[in-house]
Undergrad: 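Questions regarding the structure given below will be posed in turn.
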Amino acid sequence: MNIQEIINLVDGESICLSGDSDFEVKRAFASDLMSDVLTLNTEGLLLITGLANMQTIRTAEMAEIKNILFVRNKKPGKEMIELAREEGMNLFLCKKSMFSTCGILHQAGLNPVY
Amino acid sequence: MEFEYPIEGGDFTRAGMASSQVKKVLKQLNIAPAIIKRIAVAMYEAEVNVVAHAFKGTMLVNIMPDKVFIKFIDEGPGIHDIDLAMQEGFSTATESVRQMGFGAGMGLPNIKKNVDELQISSVVNKGTTVELTTYIS
């Protein structure tokens, strides 16, 4: 599923578009626990999280994640956006809860990691 | 090729900066992306551990033709029971560490999964040394 299609489905907005704007998302993983995120095969991955701090972006950098959707209107800070830009990431924001976001995307056919 | 980076305990805004720099060097050396990712995950978890638990530490990196050796030496409370610390789910992390998305007892087991050799030695109330070895050829 195309990243733009996903963002439209959850009424999201783009915060930073430094990666592939036509990224094809194969699977999604939703977590606020970065240690869990660091255990994943991250190919074609969209990370859905409510954790908006520097470690979210550092984790994505280390785990080769290029697309992050922040839920519950958790806006990434300036430093986070700068680092995401340096690392060629796309950051998105939506107002929906984690549960609601995952429900909508799963129903639309987006697969989980496991 | 040897590098040394200081790590400040408790400074979560900078946690991961040393790992980020090492990862960039590994990329420049054209090491296979899958191996770089394993090293990156392991060293980042180890760096976060120093920030989360120690007062301060040092990250020493030695990139050799056949392997990458990374040693973390910290001054801190040490680990009382290393076998227990290696168990998934066991953690002594504080609430502030958990708010950063860590401290769920996944760090050391995740490091072990991502390196070829892991050595941990610790002296309570003095500090901990963690050595990671990954073969690249």
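Below, chains carry the letters A, B, ... as their sequence lines are ordered, and counting in each starts from 1. Computation of the quantities below employed the complete heavy-atom set of this structure, encompassing side-chain atoms and omitting hydrogens, waters and symmetry-equivalent molecules.
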Undergrad: So which atom in B:V41 and which in A:L38 form the shortest heavy-atom distance, rounded to 0.1 Å?
TA: CG1-O, 3.5 Å
Undergrad: Report whether B:V61 and B:L132 are members of the same hydrophobic cluster (ILVMFWY, side-chain heavy atoms less than 4.5 Å apart, transitive linking).
TA: yes
Undergrad: Return the minimal non-hydrogen interatomic distance between A:S35 and B:M106, and the atom names on each side.
TA: CB-CB, 3.5 Å
Undergrad: Same cluster for A:L9 and A:V25 if Ile/Leu/Val/Met/Phe/Trp/Tyr side chains link at under 4.5 Å?
TA: yes
Undergrad: Checking A:I57 against chain B: side chain, backbone, both or neither under 4.5 Å from a heavy atom?
TA: neither
Undergrad: Working to the nearest 0.5 angstrom, can you tell me the gap between A:L83 CG and B:M17 CE?
TA: 9.0 Å
Undergrad: Same cluster for B:I35 and B:V115 if Ile/Leu/Val/Met/Phe/Trp/Tyr side chains link at under 4.5 Å?
TA: yes
Undergrad: Is it true that B:I111 and B:I136 fall in one hydrophobic cluster, defined by side-chain heavy atoms closer than 4.5 Å?
TA: yes
Undergrad: B:S19, B:P109, B:G107: which one forms the most heavy-atom pairs within less than 4.5 Å of chain A?
TA: B:S19
Undergrad: Go through the steps to decide whether B:K24 and A:E87 satisfy the test salt bridge (charged side-chain N to carboxylate O under 4.0 Å, His left out), and finish with yes or no.
TA: CA-CA 11 Å; B:K24 285 183 175 76; A:E87 294 298 326; 3.2 Å; yes
Undergrad: Give, as side chain, backbone, both or neither, the part of A:D32 having an atom under 4.5 angstrom from any heavy atom of chain B.
TA: backbone
Undergrad: Does B:K113 use its side chain to pair, donor to acceptor, with the backbone of A:T39 at less than 3.5 Å?
TA: no
Undergrad: Between A:E64 and B:K27, is there a side-chain N and carboxylate O pair less than 4.0 Å apart?
TA: yes
Undergrad: Would you say the side-chain atoms of A:T42 and B:K37 include a donor-acceptor pair closer than 3.5 Å?
TA: yes
Undergrad: Could you see if B:I73 belongs to whatever hydrophobic cluster contains B:Y5? Use Ile, Leu, Val, Met, Phe, Trp, Tyr and a side-chain cutoff under 4.5 Å.
TA: no
Undergrad: For B:Y44 and A:T59, work out which heavy atoms get closest and say how close.
TA: OH-OG1, 3.3 Å
Undergrad: For atom CD of A:E43, decide whether the heavy atoms of other residues, nucleotides or ligands shown that lie under 6.0 angstrom number more than 12.
TA: no
Undergrad: Side chain, backbone, both or neither: which part of A:M54 has an atom under 4.5 Å from a heavy atom of chain B?
TA: side chain
Undergrad: Would you say B:Q119 has more than 12 foreign heavy atoms packed within less than 6.0 Å of its CD?
TA: no
Undergrad: Between B:T13 and A:E79, is there a side-chain donor-acceptor contact under 3.5 Å, judged purely by atom types and distance?
TA: no
Undergrad: Which heavy atom of A:M62 sits nearest a heavy atom of B:S20, and at what distance?
TA: CE-N, 3.3 Å
Undergrad: Kindly check if the number of other-residue, nucleotide or ligand heavy atoms within 6.0 Å of CD (A:E24) is above 12?
TA: yes
Undergrad: Using a 3.5 Å distance criterion without hydrogens, assess whether the side chain of A:Q55 forms a donor-acceptor pair with backbone atoms of B:F12.
TA: yes
Undergrad: So, for B:G101 and A:L51, which heavy atoms are closest and what is the spacing to 0.1 Å?
TA: CA-CD2, 3.8 Å
